[in-house]
Amino acid sequence: MAVGCALLLAAALLSASAQLLRREASFTISLRTVDNITVMIKLRPGVSQGCQIRVKSLPRSDLKIKPGENVTFTFTCKTPEEYFIMEIQKNIDCVSGPCPFGDVHLYPPGLPRLNRTFIWDVKASTKAGLELKFATPWLRQIEPGGTCPDFIRYNINSCIDTATVNIGTFCRGGSVSRVKLQGGVIMALHLPWNSSPTTSGFNIANRSSIKRLCIIESTLKEESSVTLMSPNYPHGFPEDELMTWQFVVPSNMRASVFFHNYSLSNCERKEERVEYYIPGSVSNPEVFKLSDRQPANIAGSFNLSLQGCDQDAQNPGILRLLFQVIVQHPQIDENVTHLVDLSREWDMTVTIHSEGWPNWSPFMSEPICLICKDLRTCDHALTLVSGAIYKISFLCKDLAHLRITAEKNISCVDFWRCQRKIYALSVPKAITQLPIRLHKFIWKLLAPELINVEIMSPTLKLQQHVPEQRCNTSYSYSIISATPERDLNVGIFCPGGSIEKIQMRNNVTISLKTFGKGFFNESNHQDLKMSFVQHIKDECTFTVSPGPKARLYLQTPNWPYGLPPYVSISWYITVPSKQVARLGFSKDRMGIACETGRAYVNIQEQKLGAEETVRREDELLPEPLDMYHSFWVNISNCKPVDKMHLTLPFWVTFAEKKIDLAVIIAVVSGAGLLVAIGLTVYCVRKKKKKSQNPMVGVYNTNVNTEMPGKQGLFKKGRKNNESHVYAVIDDAMVYGHLLKESNGSVAPEVDVYRPFDGPIGSLPPSPPPLSFRKDIKLSSSVEEPPLLTETDHDAYTFAHQKTGESENNGDANEKNNGDASISLLENKEQDGLEE
Ligand SMILES: *[C@@H]1O[C@H](CO)[C@@H](O)[C@H](O)[C@H]1NC(C)=O
Ligand SMILES: *[C@@H]1O[C@H](CO)[C@@H](O)[C@H](O)[C@H]1NC(C)=O
Ligand SMILES: *[C@@H]1O[C@H](CO)[C@@H](O)[C@H](O)[C@H]1NC(C)=O
Ligand SMILES: *[C@@H]1O[C@H](CO)[C@@H](O)[C@H](O)[C@H]1NC(C)=O
Ligand SMILES: *[C@@H]1O[C@H](CO)[C@@H](O)[C@H](O)[C@H]1NC(C)=O
Ligand SMILES: *[C@@H]1O[C@H](CO)[C@@H](O)[C@H](O)[C@H]1NC(C)=O
Ligand SMILES: *[C@@H]1O[C@H](CO)[C@@H](O)[C@H](O)[C@H]1NC(C)=O
Ligand SMILES: *[C@@H]1O[C@H](CO)[C@@H](O)[C@H](O)[C@H]1NC(C)=O
Ligand SMILES: *[C@@H]1O[C@H](CO)[C@@H](O)[C@H](O)[C@H]1NC(C)=O
Ligand SMILES: *[C@@H]1O[C@H](CO)[C@@H](O)[C@H](O)[C@H]1NC(C)=O
Ligand SMILES: *[C@@H]1O[C@H](CO)[C@@H](O)[C@H](O)[C@H]1NC(C)=O
Ligand SMILES: *[C@@H]1O[C@H](CO)[C@@H](O)[C@H](O)[C@H]1NC(C)=O
């Protein structure tokens, strides 16, 4: 405790003495008469009086020390820099006596550390030229009122008679190396209190008359750019004045001028203009209007003059100019032109641009490449249009900074004209041969309402970019199907997969994006084509034809944001002969709850009488399934409750078919008996459970087009198979409910079915769920042996046992066979039978 007190006391004493010391710190400023320097210390405007200056123990709030005076003073606070500012003004009179030319010093020394402004007020004959020459790193012009990173700022004003013109405000570090003025100049250097440069950074020299307001010299030694403003910017350039910017550029470099901001005054006499002296030009000076495209690709040094006019006294207007000069190497130090032949292309634009374009501002100092379409016309971006041949060149040392973005429209107005055409979606040679990276090639496939788009990759085939199987090729396609209401991001695809075809409704945008340099090589065998097809039922249908041993991962479109509401997608996956596919879902549920409608997954082999596996969003997704024939995976979405998204990844693997004779025999012989037993068991169970929740999934696609009650294609098959009875009863209840909806008022669920009211394909309609999978297999194809032990087990123990199980779980897990079109009447009949 005692020790603590002692320490505290010691600390207090120390700080008191420190304060004492600081307060005692005194400054002596003695100014020689010959220097003609006046020092002013004053309170910063608007600051409260918390500190004073003490001279000979008299407190005061400002202090002016004139030439020849010798003043000693102190501050009454320890942080005078927060209250006071200082002006050190030196008058230099070159009219009445010789000028003190040479380096300009920061004089006097020993000044207190305050924000300070050194002002050099040079009076000179209006006929004499004055040159301010800056030490490296030279200066960079900023807009008046702007700040510099180090808070060190120069301000140059020219005095003609009594008027003052602000030549410009500058920071350190730039390309402005000299400023020449006519007559007087007021040069100000603002320094923050905590910086202590030793020199002013410039010297003054006398020059013969420059016959204009000023000359600003900018020295550009390497690839760089400089932004400059006319005097007084953004206010008006003095009336009828002339000024010049001189650009010193190495002769092997090329300069280009861009006017970013200008306005013109109302001229009564003469015309406002800019004049260029361009080395080698036969028409010097080259005269331009400010509104003209300014010259580019100028080899070496040049100068640019701005000439004002006699303004209308009533309404003078404002002449001002903000412009940029960009200096670059020409490509490989000489003239290289590239021929781009787009004469045989249609509806295509090709834009060559710098990496950052168009998010680019004139104040960025990094060099930006230019593209020239003739000797003097260069720009940051050049757009070439199909139907012409161009000769272009680049002002750019490293072409890696350039990119190509191209766009091509393919549209179908009259289906009968475009229906059999196959359009290649490949990047033309004219583009791939340029030494510039293709950033994006966008195909816009436009079709009227009922015409849809099919894209094909017959040889390379496409792979969907999913986390389990990422694209690693040098290019990829992003496919977006756009309706007026929304965009459906079908996905990102790259060559070298299993997707052979994608059919899409709506207008489709395909963007090829390249990665790395490999596209130069791979562009030789591009393999994407498209054609216009008649209306399709789903939003999107994928035809997947994998090679043997493939392992593929697929994902619902718009991943990871989720399939839009009511959208249905289908995949047709071909199973190579002698192979068996295994289909599995990467999740065990769809992971959504529906606000309106229902979401379904329907899986069915493409063969007569194939059973259908149906899952609703509130059910568990099936365990991995073995598929012996090509099959459909169809997913249709409901309107999920807020913040839920349907994304459903799944995979397919392939294996050689094994033929096990023993199993076939056992299955065939056992089948009849088992069916009989099975049915009995099933009937009893089903009857008991009937009043409970009938968990029947219906793939949205066909419910609407094939209303219950319509005569279906598979009626016969159903009659032959008694096993359908029980499931159909449940289905009838579901269908009846739907029937009511479609007859009566339009319930929101109707939306679900709307996408499917197109022409009905030749394929059998989607069946209602049934549960006798193995039976069907046995009856329709005996040469197809069960492959895996679990399924073998199923064959003997009956599918409906599974149903029983799932009923016990409260989870319907039914598998169904192919019969959708059962009349209500028939259903009733069956109902009766069951009773
Ligand atoms: C000092 O400045 C004043 C006012 O500009 C001028 O009259 C005088 O000649 C200058 N003296 C010297 C020595 O430059
Ligand atoms: C200014 O005054 C101090 C003392 O007050 C003196 O030491 C110094 O020599 C004087 N300097 C000049 C230039 O008169
Ligand atoms: C001194 O200059 C700095 C930087 O420009 C500024 O933030 C500060 O407010 C100035 N102080 C005074 C007292 O003017
Ligand atoms: C610059 O000033 C010096 C001396 O003051 C004079 O001799 C010289 O002629 C001047 N130069 C120009 C270009 O006016
Ligand atoms: C160009 O002028 C407009 C209008 O005065 C101004 O808003 C804009 O910031 C200026 N652009 C540049 C780059 O100074
Ligand atoms: C502009 O450049 C030309 C040719 O290099 C030169 O003759 C002329 O004096 C220059 N003018 C100015 C004001 O720099
Ligand atoms: C570049 O081309 C221009 C015009 O064709 C020509 O005047 C110039 O000499 C050429 N330069 C070189 C280095 O070939
Ligand atoms: C493509 O079509 C759109 C809309 O019709 C049009 O705005 C665009 O300019 C066209 N692009 C090309 C390259 O023809
Ligand atoms: C790209 O991925 C495939 C598998 O998806 C792999 O076989 C191939 O080696 C990869 N290539 C490169 C260059 O990484
Ligand atoms: C596709 O684009 C064409 C032309 O812009 C338009 O007329 C048509 O309605 C669009 N189709 C769809 C489905 O948005
Ligand atoms: C392009 O192919 C050539 C020859 O096949 C090869 O030498 C070159 O490295 C390839 N370039 C790239 C960027 O893959
Ligand atoms: C899946 O969708 C396709 C295309 O719409 C359709 O032909 C097929 O019958 C559907 N299959 C199932 C099981 O719903």
Side-chain angles (χ1 to χ4, degrees), residues 41-48 50-51 79-87 112-117 146-153 190-195 342 345-351 383-387 405-411 413 441-447 452 482 503 505 507 509 535-543 568-573 600-607 610-615 627 630-636 697-703 705-706 713-714 755-756 758-769 815-818 820:
I41 300 175
K42 53 190 177 187
L43 277 174
R44 167 193 172 188
V47 83
S48 64
C51 192
T79 54
E81 70 273 11
E82 288 173 14
Y83 303 91
F84 292 100
I85 56 175
M86 185 163 53
E87 264 176 34
R113 284 156 67 85
L114 301 175
N115 282 359
R116 55 210 183 278
T117 305
T147 51
C148 300
D150 58 4
F151 300 110
I152 298 178
R153 192 173 84 236
H190 303 271
L191 297 170
W193 66 272
N194 54 357
S195 81
L342 301 179
E345 302 290 339
W346 277 274
D347 293 334
M348 188 165 90
T349 57
V350 179
T351 302
T383 296
L384 314 175
V385 182
S386 52
T405 302
E407 186 182 307
K408 184 181 168 81
N409 287 347
I410 299 176
S411 56
V413 185
F441 197 106
I442 301 166
W443 289 275
K444 292 197 166 157
L445 315 179
L446 304 165
N452 297 150
Q503 292 188 322
R505 289 143 66 98
N507 291 329
T509 302
H535 192 67
I536 59 162
K537 284 200 288 180
D538 292 317
E539 198 71 33
C540 220
T541 299
F542 297 85
T543 303
S568 62
I569 309 290
S570 56
W571 288 262
Y572 181 70
I573 300 166
Y600 292 103
V601 173
N602 295 47
I603 303 157
Q604 189 179 32
E605 283 181 306
Q606 175 80 347
K607 62 165 182 174
E611 66 179 295
E612 182 176 1
T613 303
V614 183
R615 290 296 182 276
M627 308 305 244
S630 301
F631 61 98
W632 286 98
V633 176
N634 297 7
I635 296 174
S636 58
V698 179
Y699 176 52
N700 293 348
T701 303
N702 292 297
V703 171
T705 53
E706 283 296 303
L713 289 164
F714 277 61
F756 313 107
I760 300 153
S762 56
L763 291 168
S766 181
K815 294 179 175 179
N816 316 286
N817 85 353

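Ligands are counted one by one from 1 in listed order, and the atoms in each one are counted from 1 as well. Just so you know, these numbers come straight off a predicted model, no measurement behind them.
Residue-ligand proximity, K537 to ligand 12, at heavy-atom distances under 4.0 Å covers atoms 5 (O). For ligand 12, the atoms sitting less than 4.0 Å from at least one non-hydrogen atom of S570 are 2 (O), 4 (C), numbered in the order shown with element in parentheses. Listed by number with element, the atoms of ligand 3 under 4.0 angstrom from any heavy atom of E82 are 13 (C). In summary, the atoms of ligand 12 found under 4.0 Å from a heavy atom of Q604, numbered by their order in the structure, are 13 (C). Close approach to I85 involves these atoms of ligand 3, each under 4.0 Å from a residue heavy atom: 14 (O). Atoms of ligand 3 found under 4.0 Å from any heavy atom of F151 (numbered from 1 in listed order, with element): 4 (C), 5 (O).
Every protein residue with a heavy atom nearer than 4.0 Å to ligand 8 is included here: D347, M348, T349, E407, N409.
Between N634 and ligand 12, a contact under 3.5 Å exists for at least one N or O pair. In terms of N/O distances under 3.5 Å, ligand 12 is approached by D538. At least one N or O atom of N115 sits closer than 3.5 Å to an N or O atom of ligand 3.
Partners of S195 by side chain to side chain contact (heavy atoms under 4.5 Å, CB included), not counting sequence neighbours, listed by chain and number: I152, L191, P192, P197. In this structure, the side chain to side chain donor-acceptor pair (under 3.5 Å) partners of T541, at least two apart in sequence or on a different chain, are S570. Scanning for side chain to side chain contact (heavy atoms under 4.5 Å, CB included) contacts around T117 gives E87, I119, A188, H190, with sequence neighbours left out.
With a 4.0 Å heavy-atom cut-off, ligand 3 is reached by no atom of H190.
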* Asked: Taking it one step at a time, do T351 and T405 satisfy side chain to side chain donor-acceptor pair (under 3.5 Å)?
  -> CA-CA 5 Å; T351 302; T405 302; over 6 Å; no
